Amino acid sequence: MSFEEADLGTHVVLAPEGKFNLVAAPPLKARIDDLVAAGRSRLVVDLGAVDFIDSSGLGALIGGLKSARQQGGDLRIAGAGDQVRAVLKLTNLDRILAPYDTVEEAVHDW
Amino acid sequence: MTGDAARGDDAYVLEGFAVPEQLDAVHTLLAQAAAEHPELDPMDVMLFETAIIEIANNVVEYGRPEGEVRWKFTIRVREDEIEAELDDTGQTFTPERGRTMPGEDAEGGRGLAIAEAVLDRIEFKRLDDTNHWRMVRRLGQVRPD
């Protein structure tokens, strides 16, 4: 799975597509780690084109969130569909990965 | 490395290798079952899909010898439940059951916990040289909050 990336100055938006699963999660997590290492620790993962997430996808988001926060930034998610929201709730991860409706809302204070 | 899907009288069956590329075929199999059973609540289908993919992931990730494990998925839709049976030829192992959901910081370990949260029944047996999973979700329940 490929993902789109957009550098918007104050933050970087990563947009995976399709199934965010054990195939797709490692490359996205690796890219997040590279960005954070390069000092880009304000990240948005736009899930608008993701129709399914599994525990590997969740793990990549949590790992990315931890890396970003360790560097003083944050990782926020936007555009999550029904399945992603249901899984976030089921795993209690919606507490630390609050889903924003849009990328614009996610970056409102950056 | 392709899988073969077939529609029996009352069952949707997929056979192939338990490899990452075959996970899409599992999604497709359930989508086919759901399309032919419009009475199913989309929420039931979505949660069931989430659960069976976690079990499938488990076989793909930990089944040995890697890349050589074969599996057979059978999905049945009944009036009051949806069931998936998964037989795989991987090595014997003992799944860790009754897991609580890992804490917020954990990057892994949620797969079986998610499946157990969504399914009403999850059974695992080793029969001869085959691991046998049976996963059931009752239909028409109160939705998870």
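Letters A, B, ... mirror the listed sequences (proteins, then strands); counts begin at 1. Values in this document were obtained by computation on a predicted structure and should not be read as measured data.
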Q.
Between B/Glu15 and B/Arg70 (side chain of the first, backbone of the second, donor and acceptor by atom type, cut-off under 3.5 Å), is there such a pair?
A. no

Q | B/Glu39 atom CD, neighbour heavy-atom count above 12 within 6.0 Å | A | yes

**Q.** Common cluster, B/Ile52/B/Leu40, ILVMFWY with side-chain heavy-atom separation under 4.5 Å
**A.** yes

Q) Honestly curious: do A/Ile32 and A/Phe3 fall in one hydrophobic cluster under the side-chain, below-4.5 Å linking rule? A) yes

(Q) I'd like to verify something: which residue of A/Gln83, A/Arg95, A/Lys29 has the highest number of heavy-atom pairs under 4.5 Å with chain B? (A) A/Gln83

Q) Who among A/Asn92, A/Asp82, A/Leu58 has the most heavy-atom pairs with chain B under 4.5 Å? A) A/Asp82

Identify which part of [X] has an atom lying under 4.5 Å from any heavy atom of chain A, answering side chain, backbone, both or neither.
X	value
B/Asp105	both
B/Ala113	neither
B/Glu49	both
B/Glu104	both

Q: Using only heavy-atom distances, determine whether the side chains of A/Asp54 and A/Asn21 contain a donor-acceptor pair under 3.5 Å.
A: no

